[in-house]
Number of protein chains: 2
Amino acid sequence: MMELTRKGDYAIRGIVYLAGQPLDRVSLLSDIAAAVDVPQTFLAKIFQQFSKSGIVKSYRGTGGGFILARPPEQITLLEVVEAVEGPITPNRCVMAPGECERDSFCTVHPVWDRVKRQVRTMLAEISLKDLTCG
Amino acid sequence: MMELTRKGDYAIRGIVYLAGQPLDRVSLLSDIAAAVDVPQTFLAKIFQQFSKSGIVKSYRGTGGGFILARPPEQITLLEVVEAVEGPITPNRCVMAPGECERDSFCTVHPVWDRVKRQVRTMLAEISLKDLTCG
DNA sequence: TCCTAAAAGGACTGTGATGGTCCCTTTATA
DNA sequence: TATAAAGGGACCATCACAGTCCTTTTAGGA
């Protein structure tokens, strides 16, 4: 259980690469894809999600490409993961109150809630700066 | 990400129900399935896995059924979840050393390792006794 | 203004995991 | 020996995942 999908894996690779570039340098998708060894068309979808989430800024046309929307120390691993994988929810119960009819008498509920918060906290403590070698 | 499958959910329901029964009482699969509202044929598979993992003991034939293999305070939620879902591995990297070719230079690696250990610890701290109302 | 470079976005597809069902076998009891 | 139960194998439908492909939009440059 709890496995990151390939998409999430690719997403992290791509964004970490971008964070490792000079911050004012606009990177081509094709360059990123080649550098981190991910199919370009697939990575395109991922970066579209980043763009919508406000993690990267994109520029179209000649000389276009991607750039981090904020400095690396202000982007957390949690943000990156949730941008492409959706919210972290160990169990459907945890999602929204009332979503689970067993809600009121489900003793396992609070356990998943703790797990969820702990994991989110751990991921939120890591920034892209921590993940680049420089 | 990190979502428990339906199988894991059912597994927990079933085993918690069993832990809530008198400990010397052999429960029929059909009773358990009805009580926790899970298709009996599916729950059968789950309890077979429990049986192999040594979480429950099974008896065949007339008067047969299932019973916890150990007292509820000695069975952890971690055991139950891993019995049916397999090991908790947030990222393929974390599995075995060398499994990931990016291993040596993957800065994200240690993060997933921490997440994995934290989650396992939290689940290992909860026993079936904690999950039954009595 | 046209051509070209790039991202945006929609539609489509193969594959594998999930969530089951069905049926036969084995084991035990009465 | 009939019956009650779990064990186990085979099968199947659906859906998410992991991509591909093609068209559209946006922007620069000649």
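Every chain is numbered from 1, with letters handed out A, B, ... down the list of sequences.
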- Task: Compare side-chain N and O positions of Ser30(A) against OP1 and OP2 of dA6(C) and report whether any pair is under 4.0 Å apart.
- Result: no
- Item | Shortest side-chain distance from Leu28(A), nucleotide among dA8(C), dA7(C), dG9(C) | dA7(C)
- Item | Gap between atom CG of Leu43(A) and atom CD1 of Ile15(A) - 0.5 Å precision | 9.5 Å
- Within the pair Ser58(B) and dG7(D), is there a side-chain N or O less than 4.0 Å away from OP1 or OP2? yes
- Item | Atom-to-atom span, CD of Gln49(A) to P of dG9(C) - whole angstrom | 11 Å
- Task: Answer yes or no: does a side-chain N or O of Thr5(B) lie under 4.0 Å from OP1 or OP2 of dG19(C)?
- Result: yes
- Message: Tell me whether the side-chain N/O atoms of Tyr10(B) come closer than 4.0 Å to OP1 or OP2 in dG20(C).
- Response: yes
- Item | Rounded interatomic separation in angstrom, taking CG from Leu4(A) and P from dA18(D) | 9 Å
- Query: Can any side-chain N or O of Thr121(B) pair as donor or acceptor with the backbone N or O of Arg117(B) at less than 3.5 Å?
  - Reply: yes
- Shortest non-hydrogen contact from Gly54(B) to Ala69(B)? O-CB, 3.3 Å
- Which residue lies more 5' along DNA chain C, comparing Glu85(B) with Tyr59(A) via nearest heavy atoms: Tyr59(A)
- Query: Within this structure, what is the CD1-to-P distance between Ile67(A) and dA7(C), rounded to whole angstrom?
  - Reply: 13 Å
- Message: What is the separation between atom CZ on Phe50(B) and atom C1' on dG7(D), rounded to the nearest whole Å?
- Response: 16 Å
- Query: What's the CZ-C1' distance between Phe42(B) and dT14(D), to the nearest Å?
  - Reply: 13 Å
- Message: So if I take every side-chain heavy atom of Ser51(B) and compare against dA8(C), dA7(C), dG7(D), which nucleotide ends up nearest?
- Response: dG7(D)
- Provide, to the nearest angstrom, the distance between the CG atom belonging to Asp31(B) and the C1' atom belonging to dA4(D). 13 Å
- Message: Expressed as a whole number of angstroms, how long is the span from Lys7(B):NZ to dA17(C):P?
- Response: 12 Å
- Specify the separation, in whole Å, of atom CD of Gln48(A) and atom P of dT24(D). 16 Å
- Item | Proximity to the side chain of Arg6(B) - top-ranked nucleotide from dA6(D), dG20(C), dA8(C) | dG20(C)
- Note on the structure: On DNA chain D, more 5' by nearest nucleotide between Lys45(B) and Ser27(B) is Ser27(B)
- Query: Are Thr41(B) and dG20(C) close enough that a side-chain N or O sits under 4.0 Å from OP1 or OP2?
  - Reply: no
- Within the distance-only criterion (no hydrogens, no angle test), does the side chain of Thr132(A) pair as donor or acceptor with the backbone N or O of Gly20(A) below 3.5 angstrom? no
- Message: Please pick, from dG19(C), dT29(C), dG7(D), the nucleotide with the shortest atom-to-atom distance to any side-chain atom of Thr62(B).
- Response: dT29(C)
- With heavy atoms under 4.0 Å as the rule, sort Lys57(B) into base, sugar-phosphate or nothing. nothing
- Message: Please classify the nucleic acid contact of Phe47(A) as base, sugar-phosphate, or nothing, using heavy-atom distances under 4.0 Å.
- Response: nothing
- Can you see which heavy atom on Gln74(A) is nearest to which on Glu79(A), and at what distance? O-OE1, 3.8 Å
- So, does Glu85(B) use its side chain to make a donor-acceptor pair with the main chain of Leu4(B) at under 3.5 Å? no
